[in-house]
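Taking it in order: structure first as structure tokens, then the write-up.
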Amino acid sequence: MSTIAATEFLPLVATAGAAADSMVVSLHDVAPCTQQIASTIISELSAHGVRVCSVLVVPDYHHQGLFARHREFVTWLRALEADGHEVVIHGYFHERPPQTNETLRDRFMTRFYTQNEGEFYDLSYEEALRRITTARDEFRAIGLKPRGFIAPAWLLGNEAEQAVHDAELGLVDQRNACYISILKLSRVLFTVRNSKLVVNRPSVCTSH
């Protein structure tokens, strides 16, 4: 994972066709609890020339409740999809409890790199397939057409990767994407101050 300075990011995508054609802006960790901030970010991006983005939705973020039960949130997602935004499945719980007998690498990747959110880092094939197909079916049941799957923190074990393919969703390749993590706004393009969205200058946009 590398970082690129994004001090002039919004004017760039607003005026340079080549940049707009080659960059995907993805909004991570979208859930009912982050809807208000996500909506503000999407509006701000649109005002700066970024008309569509990938909206990475967590079905049951940190076990706080299934997204499909929140009517306002579902209506909002449908409207985004109708406007051309991509709705992408982003894990299921976005959470991985610490486990016993972990290697040093495992602890680093799942506790420090991603703060216990690498849900699909080492899931078994069966469990990964269950979560992915459950999410897929829940999205489709409310009229959404998920455009693929991205694992939380991009941590996807071999068995989980096979499960994604077998669920016929496909992995979304966003190696050239600029990502905005709603829950880590101070580290990327935006911060929220007094309920207002502020473009950081300078700021950091993370890509991979």
Side-chain angles (χ1 to χ4, degrees), residues 1 26-39 41 53-70 72-74 76-77 80 86-142 144 146-167 169-172 174 177 179-188 190 192 206 208:
M1 184 175 297
S26 61
L27 187 59
H28 286 224
D29 309 338
V30 177
C33 63
T34 61
Q35 178 184 349
Q36 183 176 358
I37 296 175
S39 181
I41 291 173
C53 61
S54 294
V55 181
L56 277 56
V57 181
V58 184
D60 189 358
Y61 183 77
H62 286 195
H63 301 269
Q64 292 180 11
L66 185 62
F67 80 108
R69 297 173 183 168
H70 296 259
E72 180 181 350
F73 183 71
V74 170
W76 176 69
L77 287 179
L80 289 179
E86 292 183 326
V87 176
V88 178
I89 299 172
H90 189 39
Y92 196 88
F93 299 114
H94 209 287
E95 186 175 55
R96 177 190 179 276
Q99 300 178 18
T100 59
N101 300 322
E102 291 181 327
T103 66
L104 180 61
R105 181 181 186 279
D106 291 338
R107 290 196 297 271
F108 174 80
M109 295 298 292
T110 62
R111 302 186 193 186
F112 298 100
Y113 167 70
T114 186
Q115 299 178 339
N116 296 320
E117 293 192 325
E119 179 183 3
F120 283 77
Y121 175 73
D122 53 2
L123 276 185
S124 68
Y125 171 84
E126 292 77 12
E127 181 59 21
L129 184 63
R130 185 186 71 81
R131 295 187 192 188
I132 293 166
T133 55
T134 297
R136 179 200 62 194
D137 294 346
E138 288 168 347
F139 277 62
R140 291 176 177 174
I142 59 174
L144 295 173
R147 297 292 297 275
F149 177 89
I150 295 180
W154 301 276
L155 294 177
L156 189 68
N158 292 334
E159 292 190 33
E161 181 174 354
Q162 184 61 51
V164 174
H165 290 297
D166 289 350
L169 271 176
L171 294 169
V172 178
Q174 292 195 333
Y179 92 89
I180 301 170
S181 175
I182 294 175
L183 302 181
K184 299 177 182 177
L185 293 177
S186 62
R187 294 176 53 189
V188 286
F190 300 100
V192 177
T206 302
H208 65 103

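The chain is numbered in sequence order, starting from 1.
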Glu159 vs Glu127, test: side-chain contact (heavy atoms from CB on, under 4.5 Å). Steps then yes/no. CA-CA 10 Å; Glu159 292 190 33; Glu127 181 59 21; over 6 Å; no
Minimum heavy-atom distance between Leu77 and Val57, given as atom pair plus value: CD2-CG2, 3.9 Å
If you measure from CD1 on Ile41 to OG1 on Thr34, what distance do you get to the nearest 0.5 Å? 8.5 Å
Check Val58 against Ala31 and note the closest heavy-atom contact, atom names and distance. O-CB, 4.2 Å
Separation of Ile142 CD1 from Leu66 CG (nearest 0.5 Å): 8.0 Å
Show the nearest heavy-atom pair for residues Gly118 and Leu155, with the distance to one decimal. CA-CD1, 4.1 Å
Using the rule side chain to side chain contact (heavy atoms under 4.5 Å, CB included), only one of Ser26, Ser54, Pro146 pairs with Glu86; which is it? Ser54
Separation between CZ of Arg131 and CD1 of Ile89, rounded to the nearest 0.5 Å: 14.0 Å
For the CZ atom of Phe120 and the CZ atom of Phe93, what is their distance to the nearest 0.5 Å? 9.0 Å
With a 4.0 Å cut-off on N to O distance, would you call Arg130 and Glu126 a salt bridge? no
Sole residue of His63, Glu119, Gln115 in side chain to side chain contact (heavy atoms under 4.5 Å, CB included) with Glu95: His63
Between Trp76 and His70, does the ring centroid distance fall short of 6.0 Å? no
Only one of His94, His90, Arg136, Glu138 clears side chain to side chain contact (heavy atoms under 4.5 Å, CB included) with Pro59; which? Glu138
Is the backbone N or O of Gln35 less than 3.5 Å from a side-chain atom of Ser39, with the two atoms forming a donor-acceptor pair by type? no
Taking CG in Asp137 as the centre, count heavy atoms belonging to other residues, nucleotides or ligands within less than 6.0 Å. Is the count above 12? yes
Report the distance from atom CZ of Arg147 to atom CG of Leu56, rounding to the nearest 0.5 Å. 12.5 Å
For the CD atom of Glu102 and the CG atom of Asp122, what is their distance to the nearest 0.5 Å? 7.0 Å
Could you pull out the closest heavy-atom pair between Leu169 and Phe149, with the gap in Å? CD1-CB, 4.4 Å
Does the side-chain contact (heavy atoms from CB on, under 4.5 Å) test come out yes or no for Tyr61 and Phe67, once each step is laid out? CA-CA 8 Å; Tyr61 183 77; Phe67 80 108; over 6 Å; no
